[in-house]
Novice: 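Below is a structure I'd like to ask you about.
Just so we're on the same page: letters track the sequence lines, and every chain starts at 1.
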Amino acid sequence: MSAPPPPTPAPVATLPPRRTSRFRLTGLVFVYVALGLPTMVVAILVTVAIPLAAIGIGFGFLVVLVPVLRRLAGAHRWIAGAVLRTPVPDPYRVRTERGAAAMVRSWANDPARWRDLAWAYVATTLSFLVSLVPLVLLLGVVWFLVFPFVYAVTPDGVFDLDAGVVQIDSAGSAMQAWIPAGLLMIVWWFTTPPVARLRARMDVALLAPTRGELERRLAHVEASRAETIDHSAAEIRRIERDLHDGAQARLASLGMSLGLAEQVFDTDPESARRLIAEARDTTTAALDDLRGVVRGIHPPVLADRGLGGAVEALALDLAVPVDVRPALPGRLPAPVESALYFGVAEALANVVRHAHASSASVDLTYDAGRVRAVVADNGVGGADAARGTGLAGVARRMDSFDGTMMVESPAGGPTVVTLELPCALSSPRTSPS
Amino acid sequence: MRVVIAEDLALLRDGLTRLLEANGLEVVAAVDNAPSLAKALGELSVDVAVVDVRMPPTFTDEGLRVAIDAREARPGLPVLVLSQYVEQLYARELLASGDGAVGYLLKDRVADVERFVDAVRQVAAGGTVLDPEVVARLMSRAQPGGPVDRLTEREREVLALMAEGRSNTAIAARLFVTEKAVAKHTANIFAKLDLPVSGDDNRRVLAVLAYLQS
């Protein structure tokens, strides 16, 4: 018996490899300051667009601006994660419908979006001033360091200073500026880490999921895990039944045919020959059964070629021409591949059965840790995930991976089914397909 | 006829060897992994290779890949691919060169010894042999308006049998028509699929290829 393979480590968010250096911290603080102005602009525009949206106009602004705000908040989550050396998850609710109105409505109902806005106000005022501190200190250090050189190249008298003890009136005395440079350097050295951490904590306070959100998410994960377990238990029972009633029964009857043939081999060669021919047909049928079972568990071409190749192979067997555009940079984890494959297969089966479409397409893309499969057709539309058992099953399956299914299918068509789930790429692409 | 067998399961490898040798073919090498197959095809003089799709080291489709690579190095190298399952995608890739001398069959077909050995000989002679399951799936999804759609019912039947690697004689016997009628149908098929008359046997391959790509 060979030992089971070691469990693969869970993917972790990228973090700086060791203790963050002060220069890096100052750099991150500089990013805080640089992002201050755009954040302020977006915050003001969103604030203006919200009342405008209430009277109809302004929707367009929100559709554009809210995602921008999310990006800005996301950047700050990342920086806070880098400074505090712990990943900051994002708190947004997952949207299940498409369309601009539904989108804006779901944003309005998501507390995390409102907290984004509150954060933007704090980030451009109080937090902004906090993050200026290390930057100003470092600029001071630089200024006093170069001061003697500046003094030397400027005309006499411009930078002369007479402040009691300190008198600067010559190139030599200008060197005194290195004393405050050193002092500021010490202040910068000791204040930068706490100030950067303070700023990061201020962001985290508004940008990280609240306890309520985390609890809700946990409840959701528990529910979908229970469902997945039920689902796989049912699946295992189905496989057991298929094998028992199909291949096993056929192999047993094969044994019987061969046994009988052996008995009558000498006395009745003609019926022995007939029994053997029967036995041969039975092996073919048994293999057919087994192939069916294997395809239901994990299609072989999926194992061979990954999601892109398997979807291409699937498309070849359909009566409707399907344009498959796989753009995945590598192989996905096997469970993800399998879930997406069966989801795409279900969506394509619907295209053939219900859509009356003359063409369809499947796009597979990977971006920012999320893999997306978009199945579109030019058919009559009217698909409803709440009614069909097939699509509802796909939605459940996506759910157990923390993924989503969006169905956009107005009566009259066209239908677009989008499956999306978070995952890490497991290995670089090795196959040329 | 010199045959190389590539199959990782010892039971099946020995079975194939026995089966082919019992039918007067010479098995010059029987290997169990992709690198050895590539080596055997590169070094030995081989009339036909019988190759399993799934083999070590990765147990995905390296048999197929080695076969395609070997045919790139030696165009027209006859290869008969065996698999536990058939995929149109793989049939397409094998036939893509248009050189013929390709077969792609389910492993179960070996049970029909006569037809299997016949398929090996057909492929070695430059023919194309596709599994009836691949052909059946192709038949069920000819696209409206495509070149194959222009064929009559009978012409399609002839093309399907052609794709399975049957000779005109065998097709005639199967469809209960004269060989002359089959010849007439094939001529029509070539004309409708825009394959110019050239007296080249490869047109049978090209017709099958046109079918696969419709």
Novice: Between B:Gln84, B:Lys107, B:Glu133, which residue shows the highest count of heavy-atom pairs closer than 4.5 Å to chain A?
Specialist: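 Answer, by heavy-atom pair count under 4.5 Å with chain A: B:Gln84.
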Novice: Determine the option with the most heavy-atom pairs under 4.5 angstrom with chain A, choosing from B:Thr60, B:Val53, B:Thr58.
Specialist: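 Option with the greatest count: B:Thr60.
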Novice: Considering only NZ, NE, NH1 and NH2 on the basic side and carboxylate oxygens on the acidic side, decide whether B:Arg92 and A:Glu312 come within less than 4.0 Å.
Specialist: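 Here B:Arg92 does not pair with A:Glu312 in a salt bridge, since their nearest N and O are not under 4.0 Å apart.
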Novice: How about B:Arg18: does its CZ atom have over 12 heavy atoms from other parts shown lying under 6.0 Å from it?
Specialist: no
Novice: Can you tell me if CZ on A:Arg273 sees more than 12 non-hydrogen neighbours from other groups inside 6.0 Å?
Specialist: no
Novice: For B:Val86, is it the side chain, the backbone, both or neither that has a heavy atom under 4.5 Å from a heavy atom of chain A?
Specialist: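 For B:Val86, the contact with chain A is made by the backbone alone.
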Novice: With a cut-off of 6.0 Å (strictly less than), are more than 12 heavy atoms of other residues, nucleotides or ligands near CZ of A:Phe265?
Specialist: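 No.
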Novice: Within this structure, what is the CG-CZ distance for the pair B:Leu106 and A:Arg291, rounded to the nearest 0.5 Å?
Specialist: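 The CZ atom of A:Arg291 is 4.5 Å from CG of B:Leu106, to the nearest 0.5 Å.
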Novice: Could you tell me whether A:Glu235 atom CD has more than 12 heavy atoms of other residues or ligands within 6.0 Å of it?
Specialist: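 Result for CD/A:Glu235: enclosed.
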Novice: Taking everything shown except A:Arg280 itself, do over 12 heavy atoms lie less than 6.0 Å from its CZ?
Specialist: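 Yes - once you tally the heavy atoms of other residues, nucleotides and ligands closer than 6.0 Å, there are more than 12.
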Novice: Report yes if some heavy atom in the side chain of B:Tyr85 is under 4.5 Å from a heavy atom in the side chain of A:Val294; otherwise report no.
Specialist: no
Novice: Apply salt bridge (Lys or Arg N to Asp or Glu O under 4.0 Å) to residues B:Glu87 and A:Arg295 and explain how you reach the verdict.
Specialist: CA-CA 12 Å; B:Glu87 277 297 340; A:Arg295 265 184 217 280; 3.5 Å; yes
Novice: Which atom names give the shortest non-hydrogen contact between A:Leu316 and B:Gln88, and what distance separates them?
Specialist: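 Looks like O-NE2, 3.1 Å.
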Novice: Just how far is it from atom CG of B:Asp108 to atom CG of A:Asp288, taken to the nearest 0.5 Å?
Specialist: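 Going from the CG atom of B:Asp108 to the CG atom of A:Asp288 covers 6.5 Å.
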Novice: Looking only at heavy atoms, which two atoms of B:Arg54 and A:Ala303 are closest? And how far apart?
Specialist: NH2-CB, 4.0 Å
Novice: Quick check: are there more than 12 heavy atoms from other residues, nucleotides or ligands sitting under 6.0 Å from CD of B:Glu114?
Specialist: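 Not buried by this count: 12 neighbours or fewer within 6.0 Å.
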